[in-house]
Structures are given as structure tokens and as C-alpha cells.
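Every number for a ligand or one of its atoms is a count from 1 in the order of the listing.
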Amino acid sequence: MKTLQDKYQELKKRNQEAEQGGGVARIEKHKKAGKLTARERIDLLLDAGTFVEMDKYVTHNINDFGLADKKIPGDGVVAGFGKIDGRLVYVFSQDFTVFGGSLSRTNANKIVKIMDLAMKNGAPVIGLNDSGGARIQEGVASLAGYADIFHRNVMASGVIPQISLILGPCAGGAVYSPALTDFILMTKQNSYMFITGPDVIKTVTHEEVTKDELGGAVTHNSKSGVAHLMAEDEAQAIMMIRELISFIPSNNMEKPPFVLTADPIDRINHNLDEIVPVDPNRPYDIKEIITGIVDDGIFYEVQETYAQNMVIGYGRMGGKTVAFIANQPNFLAGVLDIDASIKAARFVRFADAFNIPIVTLVDVPGFLPGVAQEFGGIIKHGAKLLYAFSEATVPKITLITRKAYGGAYDVMNSKHIGADYNLAYPTAEIAVMGVDGAVKILYRNVTDETKLQEIKSDYTEKFANPYKAAELGYIDEIILPRNTRKRLIQILEMTQNKKVENPSKKHGNIPL
Ligand code: HXC
């Protein structure tokens with residue numbers, strides 16, 4: 001009969017086996033490529049000593065293709081729960097050293113299990129993805145595992161935050177689960193996402209493309225818009241996720257965490273008076289206004305290199321998280337185009353789902369005209385942003401810093417689509433369009449230059465200010481830039497118990 005010590009020894013041995021993953025040689029190769037192991041990643045991500053691993057002894061149940069004697073405890077995924085800054089999170093980390101981190105039926109069950117727990121207990125799921133996709137040897141059983149995860153991703157959407165780090169060559173199904181989550185972070189090295197790799201593309205379409213060009217971090221952060229965050233390396237990536245978690249609540253029934261600050265809530269910032277140029281054609285950096293008003297100047301930007309004419313991200317005001325959405329006059333004059341509309345719309349919907357108040361900074365010359373935009377569906381994509389702002393019931397505050405022209409005035413969280421408080425700087429200009437365009441349409445037969453100048457200055461006098469909108473009650477207040485922080489915090493406090501319910505329905509039909 002085995003002694004107690006024997007039994008305890010067996011547990012130790014089994015744990016050690018599981019912790020070896022794909023074995024010394026594969027781990028060495030993995031590390032040589034500059035990658036951390038699945039367990040090292042979890043250790044970095046979570047508060048020290050808080051990780052509790054589940055299903056450590058799970059193995060696959062396939063006996064074909066020579067897999068009968070290749071059973072590795074854990075089967076290529078490390079899963080469990082732990083804490084970030086003392087707050088509960090669930091985590092899974094795919095181990096590329098075990099069958100390329102591919103998804104088996106049994107390791108999918110591990111992911112499903114923690115997702116179900118996360119939903120029941122109201123905490124985020126963080127996926128550390130490093131996987132070659134469906135485990136080829138398992139056929140449909142693996143596809144079923146993926147679909148089980150996808151379905152849960154969708155059910156969890158808007159209930160708990162879901163975050164994906166892409167830390168390896170993620171192909172096939174390994175990109176679709178992340179695509180259904182709220183945030184995707186990629187690293188500049190070793191991080192790839194594609195449905196099919198360069199070789200398949202070459203065979204099918206004869207296009208030649210490198211792995212990096214096709215699905216690297218830069219591509220997905222600046223071209224496709226699939227990813228939201230980009231890090232230099234894994235360590236930075238993991239720190240960025242810890243910081244992201246600090247801005248968001250654990251579930252849709254909670255408010256975001258409060259973070260104490262020494263930054264005075266009534267801080268006056270005179271520098272802000274000098275940022276917006278009087279000349280409407282001169283660019284400036286809208287981020288200077290954001291960093292000038294948030295607590296300690298800390299702004300966590302999301303999708304920084306995609307559709308840079310729109311800036312989105314989180315900051316805190318008086319210790320509370322705010323979602324900022326802002327046109328960027330420094331890039332394409334802050335125009336609204338397809339990419340900017342989609343980028344902002346999704347961000348608005350996350351904020352609304354997770355009780356994060358929205359502050360919108362407006363300096364927009366309108367929608368971008370052009371054949372490419374029209375053929376690309378600017379009508380339906382612009383409508384996404386209109387839809388997202390309109391349906392959002394969290395506190396919504398808008399500040400027009402300069403231009404608010406045409407449909408873009410309506411779209412950018414105007415009073416008419418439900419903003420709670422609308423402010424403007426004295427530099428604001430609210431009109432159907434800019435002076436040159438307006439005069440060209442209304443006075444196309446006038447050729448006398450002096451007369452045209454008179455008409456233009458009359459138009460400018462009437463519309464190049466915020467007072468007409470304020471007279472109509474569409475702007476609640478006109479403030480000096482220096483007072484922005486103080487006033488926004490007062491309004492955030494005034495609206496913090498806002499309760500609005502949209503009409504009951506199964507769900508709306510956002511223009512996709
Ligand atoms: C089983 C896999 C695997 C997979 C990799 N491996 N992918 N095993 N199923 N899907 C194994 C390899 O055989 C190898 O085992 C080890 O993992 C490391 O892989 P390498 O190819 O040596 O690594 P690397 O050169 O870095 O290339 C990584 C890779 C490549 C780009 C991910 O392995 C690859 O292209 N894999 C297949 C990707 C794919 O097509 N997946 C199926 C997608 S379909 P050994 O024993 O040699 O170390 C899908 C359907 C879901 O996912 C659909 C949802 C909508």
C-alpha cells in the first residue's frame with residue numbers, strides 16, 4: 001500500500017510534469033525566439049502569488065496520428081484565476097511548446113470552464129494567445145471547441161471585459177476568439193494574426209507577402225484596425241494590460257475603480273487657453289487638451305496608430321474613469337471617415353456597456369468626401385457612430401473646441417442625440433459647412449470679388465461662433481479653456497447617477 005508520502009510525492013511529480021510543458025528542448029527554442037513561457041506570462045500578469053491553476057492534469061483523448069503516447073498534462077493551455085491590483089481576473093495562457101498551442105477538445109473545455117466561472121462571478125477574462133489554431137489531428141472536435149468558445153465570447157460581450165494578448169503566430173480559429181473580445185494587444189515581435197498564412201495566400205491569389213506585412217502588430221494596429229494596442233515586447237504588453245484593467249470595471253453591474261489622485265479637481269490650466277488657434281485652418285494636437293485636463297496628465301490611448309484623425313482612450317477625472325473620444329485636427333484636419341467612425345463607435349459601445357462616462361471633444365470639418373469613401377460605405381459606417389452615441393445611456397458630455405460642421409456636428413454627440421451637457425469654447429464654429437463651401441453653393445452666380453468678400457464675412461460673423469447654438473439652447477455653456485477640467489468634473493459629478501433606459505427590445509440593428 002502507498003504511504004501518505006508516496007501520495008504527496010505523486011502529486012508533486014504530476015505537477016512537475018505539467019509544468020514542463022512541451023519539454024526542455026521546445027522551451028529552449030521558444031525562449032530563444034524571445035518569448036516567455038505560458039506560465040512566466042501569467043506570473044508577470046498577476047499579482048505575485050495569486051494565481052490558482054485549474055485543470056492542470058487534463059490531457060487530450062486522441063489516439064490517432066501517433067498521439068496516443070504524446071499526452072502532456074495540461075494539454076497546451078494553462079488556465080485559472082488570480083488578481084490584478086487585488087481584483088479578480090480569469091486567465092488562460094496557451095503553451096506553444098505543446099502542439100504549437102493548438103486547440104484540442106479538452107483544452108478548449110478548460111477555457112470554456114474559466115469563461116463560465118468568469119460570467120458567474122463577474123470578472124474579466126484575459127487570454128494570452130499563442131496558438132496554431134485548431135489541432136489538426138482532432139478534426140471537428142477541435143472546431144467544436146472553438147465554436148464553444150466563440151459562443152461564450154459573444155454571450156460575455158458587454159457583461160464582463162474580455163482582453164486578448166497575441167503573443168505568437170495565431171492562425172485560423174486562434175484569431176476569431178480574440179476578434180470577438182473587447183481589446184486585442186499585439187507585440188512588435190513574434191505576434192501575428194491571420195486567417196491563412198503567406199503560403200496559402202501565395203497559392204490562392206498569387207500575392208507575395210511577408211508574415212509581418214500580412215499580420216504583424218503594425219499591420220493590425222495601423223492598417224486593418226483589428227488590434228487596439230501595440231507593445232515593444234511581452235513584458236511591456238503585460239504591463240499595458242494591467243494598466244488597462246485599472247481603468248475598467250470588472251463587470252457591467254459595477255462602476256470603474258476609483259483611483260485616488262493628488263491632482264486638484266478645480267485645477268485651472270492657463271496653458272489650455274493657447275492651444276486652439278483662432279485660424280480655423282491651423283492644426284493643433286487635441287491630445288494636448290486631454291492631457292491638460294485629466295488627472296496627473298495620464299491618458300491611456302487606444303488604437304493610437306489607426307485612423308489617427310480620431311483619438312480614443314481613457315483618463316481619470318477626480319479619480320474616476322472617463323472615455324475620451326476626440327477629433328484630431330492634427331491628422332486629416334480631424335475629418336470623419338470610415339475608419340474613424342468605426343473606431344469611435346466600438347469604443348463608445350464598450351464605454352456604454354461598462355458604465356464609463358463619455359467626454360467627446362469636437363473639432364470636425366465634416367465627413368470626408370470622395371469616391372473611395374462612398375464606395376467603401378461611409379454612409380453605413382458613419383451611421384455606426386451616430387447609432388452608438390445615440391443608444392449610449394451613460395453620462396455623455398460634449399465640448400466643441402472649434403469646428404462642428406454639418407452632419408458631423410450631429411454625429412459627434414450633439415445635444416439632439418442625447419448628450420447631457422454641451423459645452424463650447426469661444427473659438428467654436430457651428431454651421432452646416434465652412435464659409436468657402438457655403439458661399440460657393442449659395443452664391444455661385446456672384447462673380448464680384450468685393451461682394452463675395454462681404455458675403456463671406458457676413459457668414460463668418462453669423463456662424464463662426466458658438467453663440468447661435470447657445471441662443472437655441474443646443475450649447476449649455478461657453479467656457480474658457482483654462483476652466484475645462486474643473487467644469488467637466490463638476491458635470492461628471494452632476495450626471496453620475498444618471499438613469500436612462502432605452503425602449504425595451506431584443507436588440508437594436510446597428511448598421512454593420
Ligand atoms: C497541431 C500544430 C498546429 C496545429 C502547429 N502545430 N500548429 N499541431 N495542430 N494547428 C505544431 C507543429 O506541428 C509543431 O510540432 C509545433 O506545433 C510548432 O509548429 P512549427 O510549425 O514548428 O512552428 P512555426 O514554424 O513557428 O509556425 C507556427 C505556425 C505553423 C505558423 C502556427 O505551425 C502553422 O501554420 N500551423 C498551422 C496553422 C493552421 O493552419 N491552423 C489550422 C487553422 S484552421 P512539432 O512536434 O514539430 O514541434 C482553424 C479552424 C478554426 O483554426 C475556424 C474557426 C472560424
Side-chain angles (χ1 to χ4, degrees), residues 20-38 58-72 74-78 92-112 115 127-154 164-181 184 186-187 189-205 209-217 219-220 226 234:
Q20 265 170 19
V24 177
R26 281 198 175 81
I27 291 176
E28 237 169 51
K29 187 177 164 202
H30 186 81
K31 299 199 77 150
K32 246 193 200 141
K35 293 165 79 174
L36 298 171
T37 66
V58 161
T59 58
H60 66 72
N61 50 22
I62 303 295
N63 294 318
D64 303 322
F65 307 107
L67 288 191
D69 57 351
K70 281 195 197 155
K71 298 205 176 185
I72 295 171
D75 200 29
V77 175
V78 183
F92 69 86
S93 181
Q94 291 169 325
D95 184 348
F96 193 80
T97 69
V98 179
F99 305 113
S102 57
L103 194 95
S104 67
R105 174 67 262 181
T106 49
N107 80 24
N109 290 347
K110 293 173 61 169
I111 296 174
V112 161
M115 291 179 84
L128 306 168
N129 296 273
D130 191 354
S131 165
R135 188 165 301 166
I136 297 163
Q137 299 91 326
E138 295 207 8
V140 69
S142 169
L143 299 181
Y146 263 128
D148 286 344
I149 294 170
F150 300 155
H151 188 241
R152 278 164 179 79
N153 284 136
V154 175
S164 303
L165 283 88
I166 308 296
L167 303 173
C170 291
V175 297
Y176 266 109
S177 173
L180 292 166
T181 64
I184 296 179
M186 297 182 75
T187 54
Q189 304 107 31
N190 294 322
S191 172
Y192 304 97
M193 295 178 80
F194 29 71
I195 301 291
T196 56
D199 295 345
V200 177
I201 288 187
K202 195 171 172 193
T203 316
V204 178
T205 67
V209 64
T210 65
K211 234 167 44 165
D212 268 307
E213 284 163 358
L214 183 66
T219 294
H220 285 311
V226 165
E234 293 192 16

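Within the set Gly132, Gly133, Pro169, Ala171, the minimum heavy-atom distance to atom 41 (N) of ligand 1 is found for Gly132. The heavy atom nearest to atom 53 (C) of ligand 1, considering only Gly168, Ala174, Gly173, is found in Gly173. Remark: among candidates Phe150, Phe99, Tyr146, Tyr176, the nearest residue to atom 2 (C) of ligand 1 is Phe99, based on non-hydrogen atoms.
For atom 45 (P) of ligand 1, the nearest protein heavy atom is under 4.0 Å away. Note that atom 30 (C) of ligand 1 has no protein non-hydrogen atoms nearby, at separations under 4.0 angstrom. Distance check on atom 39 (C) of ligand 1: some protein heavy atom falls below the 4.0 Å cut-off. For atom 27 (O) of ligand 1, the protein comes within 4.0 Å by no heavy atom at all. Proximity of atom 34 (C) of ligand 1 to the protein is not indicated, since no non-hydrogen protein atom lies closer than 4.0 angstrom. Contact annotation for atom 13 (O) of ligand 1: protein absent (non-hydrogen atoms, distance under 4.0 Å).
Residue Arg26 places a heavy atom under 4.0 Å from ligand 1.
Put simply, the side chain of Thr97 gets close to the backbone of Gly22: a donor and an acceptor are under 3.5 Å apart. One N or O on the side chain of Thr219 and one on the backbone of Glu213 form a donor-acceptor pair closer than 3.5 Å. Listed for the Lys35 side chain is no donor-acceptor partner under 3.5 Å among the backbone atoms of Gly168. A donor-acceptor pair under 3.5 Å links the side-chain atoms of Thr203 to the main chain of Asp199, judged by distance alone. Although no hydrogens or angles enter the test, the distance criterion places no donor-acceptor pair under 3.5 Å between the side chain of Tyr192 and the main chain of Ile166. In this structure, the side chain of Lys110 does not engage the main chain of Phe92 through any donor-acceptor pair within 3.5 Å. With Asn129 contributing its side chain and Leu165 its backbone, the two residues share a donor-acceptor pair below 3.5 Å.
The protein heavy atom nearest to atom 5 (C) of ligand 1 is Gly100 CA, 4.1 Å. For atom 43 (C) of ligand 1, the nearest non-hydrogen atom of the protein is Gly172 CA, 3.8 Å. Nearest protein heavy-atom contact of atom 1 (C) of ligand 1 is Gln137 OE1, 3.3 Å. Closest to atom 50 (C) of ligand 1 among all protein heavy atoms lies Leu143 CD2, 3.5 Å. In this structure, the protein non-hydrogen atom closest to atom 9 (N) of ligand 1 is Ile136 N, 3.1 Å. Nearest protein heavy-atom neighbour of atom 10 (N) of ligand 1: Ala134 O, 2.8 Å. Nearest protein heavy-atom neighbour of atom 22 (O) of ligand 1: Lys29 NZ, 4.3 Å. Looking only at protein heavy atoms, the nearest one to atom 20 (P) of ligand 1 is Phe96 CZ, 4.7 Å.
At a 4.0 Å heavy-atom cut-off, ligand 1 does not touch Tyr192 at all. Here Thr196 has no heavy atoms under 4.0 Å from ligand 1, in either its backbone or its side chain.
In this structure the side chain of Met115 reaches within 4.5 angstrom of the side chain of Asn153, judged on heavy atoms. Between Thr106 and Ser104 the shortest side-chain heavy-atom distance falls below 4.5 Å.
A salt bridge does not link Arg105 with Asp75: every distance from a Lys NZ or Arg NE/NH1/NH2 to an Asp or Glu carboxylate oxygen is 4.0 Å or more.
Smallest separation of non-hydrogen atoms from Gln94 and Asp130: OE1-N, 3.0 Å.
Residue Arg135 forms a side chain to side chain contact (heavy atoms under 4.5 Å, CB included) with just one option from Ile62, Asn107, Leu143, and that option is Asn107.
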